[in-house]
Amino acid sequence: MIKMLVCDFDGTINGGSSLGVDQFSAYLDTQPELHFIIATGRTLPSIKEGLTTHNYPKPRCIISDIGTRINYDYDLIADERWQHQLQTRWNKSAIQTALQDITFLGECNPSHQGDYKITFEGQLNHKQYSTIATALTQHSIDVDITYSHDWFLDITPKGINKASAIHYIMQKYNLTAEEICVAGDSANDTSMLTMPGINAILVANHYTEVAHLSALEHVYTSNASHAEGVLEGLIYWQNNAVEEMAK
């Protein structure tokens, strides 16, 4: 039985038709036992604003800043325990020092920065990405680097991403991977789309950077895009779970 649906926002449930969002929301209204969670690269203020733009379902939990923040319930209560464990893995000033001489790094928009996330904007080629990774290694800085949408470069504490945040929530609520669906469209969703045992949904409008994930047995690639594609994939995995229980 699918007990939790974790969705990326931009390009996954956001960006398609209003009708698709309405259909998605209406279906979730018929599934009161299904916990709906947002997992996004956006900051918390940004995703709160984004969720007001259409008739999106209210999430039980928001994973923001690519997994570095977790907030629960409609009052968005912060998970202080999760935040506390990131402190020992993060040295923002050291990262900034290591990258200060790299002239091709793009804008660091203040509205995209988090307490445990640095985001640069601008296109990068493979050589430039490698230069950034090498600079951090040479300064003995162990972090995760994610380049997605051919535009956003996110630096976060090592091992902290959407998947690690989901795993933390799984333990909190005593859930297994088989009871969870995740949906995404880009490279910053890769960690959750490739979690062992998970039921993954890749919407039809996904970026080429994650197209190879379609070959994985546990990844359902929707024919529909955005919210309609998530709904299609969710129903597929719910039906699959029913069939497995009947065996």
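The analysis underlying the following values was restricted to heavy atoms, covering all of them including side chains, and did not include hydrogens, waters or symmetry mates.
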Backbone N/O of T40 and side chain of S64: donor-acceptor pair under 3.5 Å | no

Does the side chain of I62 reach to within under 4.5 Å of the side chain of L51, using non-hydrogen atoms?
-> yes

Partners meeting side-chain hydrogen bond (donor to acceptor under 3.5 Å, both in side chains) with N71 (sequence neighbours left out) | none

Of all the heavy-atom pairs spanning G41 and K117, show the shortest one and how long it is.
-> O-NZ, 3.0 Å

Output the rest of the hydrophobic cluster of W151: all Ile, Leu, Val, Met, Phe, Trp and Tyr residues reachable through side-chain heavy-atom contacts under 4.5 Å, sorted by chain and number.
-> F152

Check whether any side-chain N or O of H112 sits under 3.5 Å from a backbone N or O of C108 as a donor-acceptor pair, and report yes or no.
-> no

Verify whether one side chain among H226 and N205 offers a donor that lies under 3.5 Å from an acceptor in the other.
-> yes

So, S46 side chain and T43 main chain: donor-acceptor pair closer than 3.5 Å or not?
-> no

How long is the gap from CG on N55 to NZ on K58, to the nearest 0.5 Å?
-> 9.5 Å

Would you say the side-chain atoms of T146 and D154 include a donor-acceptor pair closer than 3.5 Å?
-> no

Taking it one step at a time, do Q138 and T134 satisfy side chain to side chain contact (heavy atoms under 4.5 Å, CB included)?
-> CA-CA 6 Å; Q138 287 174 343; T134 299; 3.6 Å; yes

Using the ring of Y116 (Phe, Tyr or Trp, six-membered ring only), decide whether K92 places NZ or CZ under 6.0 Å from its centre and within 45 degrees of its axis.
-> no

Following the transitive rule for hydrophobic clusters with a side-chain heavy-atom cut-off under 4.5 Å over Ile, Leu, Val, Met, Phe, Trp and Tyr, establish whether I37 and M195 coincide in one cluster.
-> yes

Is there a donor-acceptor contact under 3.5 Å from the side chain of W90 to the main chain of V143?
-> no

In the single-linkage hydrophobic clustering (I, L, V, M, F, W, Y; side-chain heavy atoms under 4.5 Å), do M1 and L5 co-cluster?
-> no

Nearest 0.5 Å, what's the NE2-CG distance between H218 and L193?
-> 7.0 Å

Any side-chain heavy atom of M4 sitting closer than 4.5 Å to one from I169?
-> yes

Can you tell me which residue pairs pass the ring-ring contact (aromatic ring centres under 6.0 Å, His included) test with a partner in residues 154-189, sequence neighbours excluded?
-> W82-Y168

In terms of heavy-atom contacts, P196 and A177 come closest through O-CB, 3.4 Å

Kindly say whether A163 contributes a backbone atom to a donor-acceptor pair with the side chain of S191 at under 3.5 angstrom?
-> yes

Could you give me the CA-CA distance, side-chain angles and deciding distance for N199 and Y236, then say whether side chain to side chain contact (heavy atoms under 4.5 Å, CB included) is met?
-> CA-CA 10 Å; N199 304 293; Y236 169 84; over 6 Å; no

Compare all side-chain heavy atoms of I63 with those of I38 and state whether any distance is below 4.5 angstrom.
-> no

Note: with side-chain heavy atoms under 4.5 Å as the link, the other cluster members for Y207 come out as none

Roughly how far, to the nearest 0.5 Å, is CD1 of I166 from CG of L175?
-> 11.5 Å

Decide yes or no on side chain to side chain contact (heavy atoms under 4.5 Å, CB included) for L124 and L153, but give the supporting numbers first.
-> CA-CA 9 Å; L124 297 171; L153 181 79; 4.0 Å; yes

Please test I118 against I95 for side chain to side chain contact (heavy atoms under 4.5 Å, CB included), starting from the C-alpha separation and ending with a verdict.
-> CA-CA 9 Å; I118 300 174; I95 295 168; 3.8 Å; yes

Donor-acceptor contact present, side-chain Q85 to main-chain R81, <3.5 Å = no

Do the non-hydrogen side-chain atoms of S225 and V203 ever get within less than 4.5 Å of each other?
-> no

G229 to S222 - nearest heavy-atom pair and separation | O-OG, 2.6 Å

So, do V182 and I201 sit near enough that their side-chain heavy atoms are less than 4.5 Å apart?
-> no

Decide whether S93 and N91 meet the rule of one side-chain donor and one side-chain acceptor closer than 3.5 Å.
-> yes

Establish whether I160 and I47 are linked, either directly or via other cluster members, by ILVMFWY side-chain heavy-atom contacts under 4.5 Å.
-> no

Over all heavy atoms of both residues, which pair between D189 and G184 is shortest? Give the atoms and the distance, please.
-> OD2-CA, 3.4 Å

Heavy-atom distance under 4.5 Å between the side chains of I2 and I180, does that happen here?
-> no

Under a 4.5 Å side-chain heavy-atom rule over Ile, Leu, Val, Met, Phe, Trp and Tyr, are I70 and L44 clustered together?
-> no

Over all atoms of both residues, closest heavy-atom pair of M192 and I198 | O-CG2, 3.7 Å

Salt bridge or not for R69 and D79, using N-O below 4.0 Å?
-> no

Side-chain donor/acceptor of D65 to backbone N/O of T68, under 3.5 Å = no

Partner of V210 under side chain to side chain contact (heavy atoms under 4.5 Å, CB included), picked from T194, L202, D185, V219, is L202

Rounded to the nearest 0.5 Å, what separation is found between the NE2 atom of H206 and the CG atom of D8?
-> 13.5 Å

Rounded distance [0.5 Å steps], CG in L34 versus CG in D29 | 11.0 Å

Shared hydrophobic cluster for Y129 and F120 (ILVMFWY, side-chain gaps under 4.5 Å) = yes

Where the side chain of K162 meets the backbone of A39, is there a donor-acceptor pair that is under 3.5 Å apart?
-> yes

Donor + acceptor pair across side chains of Q128, Q123 (<3.5 Å) | no

Does CG belonging to N174 count more than 12 external heavy atoms closer than 6.0 Å?
-> no

Do any N or O atoms from the side chain of N125 and from the backbone of K127 form a donor-acceptor pair under 3.5 angstrom?
-> yes

Quick one: CD on Q23 to CD on E228, what's the gap to the nearest 0.5 Å?
-> 5.5 Å

Taking C-beta and beyond as the side chain, do S164 and N161 meet within less than 4.5 Å on heavy atoms?
-> yes

Residue pair N188 / Y147, side-chain heavy-atom distance below 4.5 Å = no

Residues two or more places apart in sequence or in another chain: which of them pass side-chain hydrogen bond (donor to acceptor under 3.5 Å, both in side chains) with S214?
-> T221

Any ion pair linking D73 and R60 (charged N to carboxylate O, less than 4.0 Å)?
-> no

Would you indicate whether E33, at its atom CD, is surrounded by more than 12 heavy atoms from other residues, nucleotides or ligands within a distance under 6.0 Å?
-> no

Could you tell me whether H212 atom NE2 has more than 12 heavy atoms of other residues or ligands within 6.0 Å of it?
-> yes

Donor-acceptor contact present, side-chain E232 to main-chain N223, <3.5 Å = yes

What residue pairs, at least two apart or across chains, pass ring-ring contact (aromatic ring centres under 6.0 Å, His included) with a residue in residues 4-31?
-> F9-Y56, F24-F36

